[in-house]
Amino acid sequence: MGVVERNWRRVGEGHSLYSEGRNIVRETSYRLSQFESEFEENLFAARREKLAAIAALGQQAYPNSFAFTHTLSKTAEEIPALLPLGLDAEGAPKTAEALEAEHITAAVAGRIVAIRLQGKAGFATLLQNGARLQIYVRKDDVGEPAFELYKLLDLGDHVGVTGTLMRTRTGELTLKVQTLTFLAKAMLPLPDKYSGLGDIELRYRRRYLDLFTDTGDFAELAGDAAEGTKPELLRAPAREVFVKRAAVLRSLRNFFDTRGYLEVETPMLHTIAGGAAARTFTTHHNAEDMKLTLRIAPELHLKRLVVGGLDRVYEINRNFRNEGIDRTHNPEFTMLEFYQAYANYHDLMDLTQELVKQVAMDVNGTLLTRFNGVEIDLAPHNWRKYSMREAITNFVKIELGIDAHENIFDSVQNFLAFLHIAAETAKASPNANSESWKSSGGRTDARRKRQIHSGIAGFESIPGIHAQLATSRNLGKAIAETFELLAEPHLIQPTIIYDFPLAVSPLSKVKADEPEWVERFEFYIGGFEVGNAFSELNDPLDQRNRFLEQLKERERGDAEAMAEVDEDYVRALGYGLPPTAGEGIGIDRLTMVLTGSRTIRDVILFPLMRPVKAVVEVDGEQPHGESAE
RNA sequence: GGACGCGUAGCUCAGCUGGUAGAGCAUUCGACUCUUAAUCGACUGGUCGCAGGUUCGAUCCCUGCCGCGUCCA
């Protein structure tokens, strides 16, 4: 025991707690448990007494199983679902009389999320598989001991019941209980039974509670809203989001499997991190005394596989990038990457639109999704396409009214002149109107103008900017950054941005007629990048030179540039990579779009959180499992 | 990294200009055999995030720290 938290307390000495017949629960010698308050500690003690009382009734305190006949799923699967049995062939609720005549019996299990005792009877609501069913327990039906058990139940307990389906006076489908089996006790207090966890932080830290208590967020209704008006759902319930996330993965696998792609798994532990521009997490292999980095992308391994003749491969797995956390970034995130021999980036544009369409239909049954209060249409005909250069000239016109010509991208002088005019315009007319921006759900116009001005002025004020831009590499970087500043926030509806500067694309093939530009595209939905694709560079010499260029970038201080030449990857290209196109799609971000989640933390079950408790050393030992820095 | 905001009972939240804290739910006890945010009656529950400072006196004002959120970089 190296460290403990402040509130650890001793809760039990060694003894046998329950010994009714076969129901024996032994406490191990003594143990420590954590309580956050006196209230919790007292509740825990009271629940242990209830457990003893339940054991005294002849029920097991912690039984091993319950033989249920029906689930509470909304749809029938392998195990019959109970709820559809309350409906007739047309899907209308069966009447109380019809249910009584049918006498449907079932055994179901679930967690008690509401309980109402009324003297010698009571109602409770069971939650299982995300669905609810009311049960009705009458002393006359279940007998004295079972009703005593019912009175010992608490919110959060798990029970199994058998009984017959009925409908109450108020029309609710209800299981009239014949036998009641105790399954497990909630020893700690639950969140508010009506509003659930309102504390966002607790929702992430205690996802186990969030998953069965969260009912989502709704917009506040206006004071004059008509009676019965339903407020708009701003955030779907946590459980629903993660069910959909699983559906996204299933749909993607089906999409690729049916198109002849092979699912593969490549290393997460890399000796050389490559395939993306990002800072790394490093770790250490003890037995081999070897520094390892968690992968930032699977790209270079997947292309090795294409060299090996696996013409179509895909991988869905975690990437790790050592960077800040915000609405669209978590240090570990799930990436789909796929590669296809004999294809180029144009082929992947079409495939991408098809993929998004199919996944949306599989997951939501519709191509429309609401994100951040805006309706997004994912139908292929609604996608827009701009080259990066078009996007810059188009959105600088919309935002600042500036007519820019294609030749601004041809030389450092032209682009600097353009930036200067744009900055001055943004500064001079901070209150000019921009209906297009407003209608795209943006912030106030003046604020946006200031943002643009400070963004561009930031470029301009860098000491020696002219000298830095004097190389084409830096021109390319400036163009890419200008694109992000001017265009990215507008890309709410699905948009493909194609043809990227060579300088920011060390693994892409250059365009045949424009050596400073590469065959690469990214697609944007909801105002952020969802995917990135390109025609793969397959010339080993060119690739090696670009890696060397990356090393120089790193020496100049770019911490995201590649740190080492992956010579084996260059060698693999030396054996011949066919013309190939590849793409990466951020699964978390795609799930955000499809579930209307405004932050990546709402689509990751356990997003990275800082530890909250003060940890104190108890003795001189190192904490268990310490990893090397 | 910066700006702003938040942190009060187990949960959801009030708390005016500085005078040592309230509600609902949950918990505990009692009544109730068709309730459903059940109802009715009684009770319990707090280091007001942490540490300093100002003050006769701090949940409130100031500073720092921790955690979270929003926007920005």
Side-chain angles (χ1 to χ4, degrees), chain A residues 6-7 34-47 49-50 96 112-127 132-144 147 150-157 166-177 186-206 209-210 213-215 217 235 323-329 372 442-444 447-448 450-459 461-462 481 484-485 489 527 598-599 601-602 607-615:
Chain A
R6 217 154 28 91
N7 290 328
Q34 184 192 21
F35 293 108
E36 294 199 331
S37 63
E38 294 283 324
F39 175 83
E40 273 194 4
E41 186 166 9
N42 292 339
L43 186 79
F44 194 93
R47 298 277 160 100
E49 281 169 21
K50 281 191 177 180
I112 295 170
V113 291
I115 187 161
R116 300 175 285 280
L117 182 69
Q118 290 175 239
K120 298 180 179 61
F123 289 89
T125 304
L126 297 189
L127 174 68
R132 288 157 193 265
L133 175 70
Q134 179 170 266
I135 62 171
Y136 181 37
V137 180
R138 290 197 336 154
K139 189 174 179 179
D140 290 350
D141 294 332
V142 299
E144 176 87 40
F147 198 72
Y150 181 79
K151 288 199 277 190
L152 288 166
L153 296 177
D154 293 298
L155 278 179
D157 289 1
M166 57 168 269
R167 199 168 287 284
T168 64
R169 258 178 226 156
T170 51
E172 177 154 352
L173 190 67
T174 299
L175 193 75
K176 194 176 184 187
V177 174
M187 306 293 285
L188 292 168
L190 265 52
D192 189 284
K193 69 177 178 183
Y194 183 62
S195 48
L197 277 176
D199 186 326
I200 297 168
E201 181 181 348
L202 273 186
R203 287 190 41 239
Y204 301 141
R205 288 191 191 276
R206 303 199 178 146
L209 292 178
D210 189 35
T213 59
D214 182 37
T215 52
D217 289 342
R235 184 182 59 77
E323 50 199 26
I325 297 170
D326 64 26
R327 214 169 54 255
T328 54
H329 294 87
N372 229 350
R443 277 140 282 178
T444 64
R447 189 166 168 186
R448 172 68 177 155
R450 281 197 299 276
Q451 187 186 341
I452 291 173
H453 175 256
S454 67
I456 297 176
F459 284 143
S461 64
I462 296 171
E481 284 179 33
E484 284 182 23
L485 177 69
R598 280 164 301 176
T599 160
R601 290 187 147 181
D602 282 336
L608 187 72
M609 305 288 280
R610 297 189 158 170
V612 69
K613 285 276 160 62
V615 176

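Ion pair A/R205/A/D199 not flagged as a salt bridge, since none of the NZ, NE, NH1 or NH2 atoms sits closer than 4.0 Å to an Asp/Glu carboxylate oxygen.
Atoms CD and CZ, on A/E201 and A/R601 in that order, are 9.0 Å from each other to the nearest 0.5 Å.
Nucleic acid contact class of A/N42 (heavy atoms, under 4.0 Å, all strands): none. In this structure, A/K50 reaches the sugar-phosphate backbone alone: every heavy-atom distance under 4.0 Å involves primed, P, OP1 or OP2 atoms, never a base. If you check every strand for non-hydrogen atoms under 4.0 Å, A/K139 touches nothing. Residue contacts for A/G196: at a heavy-atom cut-off of 4.0 Å it reaches the sugar-phosphate backbone alone, with no base atom in range.
The two atoms that bring A/T213 and A/L197 nearest to each other are OG1-N, 4.3 Å, heavy atoms only. Taking all atoms of both residues into account, the shortest heavy-atom contact from A/F123 to A/T168 is CE2-CG2, 4.2 Å.
Comparing B/A73 with B/G64, their P atoms sit 25 Å apart, to the nearest whole Å. Rounded to whole Å, the P atom of B/C50 lies 45 Å from the corresponding atom of B/C32. Nucleotides B/G46 and B/G15, compared at atom C1', are 14 Å apart to the nearest Å. Straight-line distance between the P atoms of B/C60 and B/U54: roughly 15 Å, to the nearest whole Å. Across the P atoms, B/U63 and B/U70 are found 25 Å apart, a figure rounded to whole Å. As rounded to the nearest Å, B/A58 and B/A23 have C1' atoms that lie 24 Å from one another. Rounded to a whole angstrom, the distance from the C1' atom of B/U28 to that of B/C65 is 39 Å.
Taking side-chain N and O atoms only, A/R327 has no distance below 4.0 Å to OP1 or OP2 of B/G69. Taking side-chain N and O atoms only, A/K151 has no distance below 4.0 Å to OP1 or OP2 of B/G30. For B/U35, the OP1/OP2 oxygens have no side-chain nitrogen or oxygen of A/R116 closer than 4.0 Å.
Out of B/A38, B/C11, B/C32, the shortest distance to the side chain of A/K193 is found at B/A38. In the set B/U35, B/U33, B/G69, B/U35 carries the atom at the smallest distance from any side-chain atom of A/Q134. Nearest to the side chain of A/Y194, among B/A37, B/G45, B/C11, sits B/A37. With distances taken from any side-chain atom of A/F123 to the nucleotides B/U28, B/U12, B/C34, the minimum falls on B/C34. When distances run from any side-chain atom of A/M166 to the nucleotides B/C68, B/C32, B/C34, the shortest one goes to B/C34. Distances from the side chain of A/L155 to the nucleotides B/G67, B/C32, B/A26 place B/A26 closest. Comparing B/G69, B/A73, B/U35 by their nearest atom to the side chain of A/I200 picks out B/G69. Candidate nucleotides B/C34, B/U27, B/G10 were compared by shortest atom distance to the side chain of A/E40, and B/G10 ranks first. Of the candidate nucleotides B/U12, B/U33, B/G67, B/U12 has the atom nearest to the side chain of A/S195. Listed nucleotides: B/U35, B/G10, B/U33. Nearest to the side chain of A/S37: B/G10.
In this structure, B/U35 makes no Watson-Crick or G-U wobble pair, since no nucleotide meets both defining distances under 3.5 angstrom. Partner assigned to B/C40 is B/G30, using Watson-Crick or G-U wobble distances below 3.5 angstrom. Across all strands shown, B/C65 forms a Watson-Crick or G-U wobble pair, both distances under 3.5 Å, with B/G49. Pairing for B/C71 goes to B/G2, judged as Watson-Crick or G-U wobble with the two contacts each under 3.5 Å. Pairing for B/G10 goes to B/C25, judged as Watson-Crick or G-U wobble with the two contacts each under 3.5 Å. Taking a pair to require two hydrogen-bonding distances under 3.5 Å in either a Watson-Crick or a G-U wobble arrangement, B/G19 pairs with B/C56.
For B/U33, the O4'-C1' to base torsion is more than 90° from 0; the nucleotide is therefore anti.
Heavy-atom distances to RNA chain B give each of A/G119 and A/G198 a nearest nucleotide, and the one nearer the 5′ end belongs to A/G198. For the pair A/L197 and A/Y136, nearest-nucleotide mapping onto RNA chain B gives the more 5' position to A/L197.
Ring geometry for A/F35 against A/F44 counts as perpendicular: the plane angle is over 60°, on a 0 to 90° scale with 30° as the lower cut.
For the side-chain hydrogen bond (donor to acceptor under 3.5 Å, both in side chains) with A/R235, the lone residue among A/T599, A/D602, A/T215, A/D217 that qualifies is A/D217.
A/R138 contributes no side-chain N or O that, together with a main-chain N or O of A/F147, makes up a donor-acceptor pair within less than 3.5 Å.
The base of B/G10 does not come close enough to the side chain of A/D192 for any donor and acceptor atom to sit less than 3.5 Å apart.
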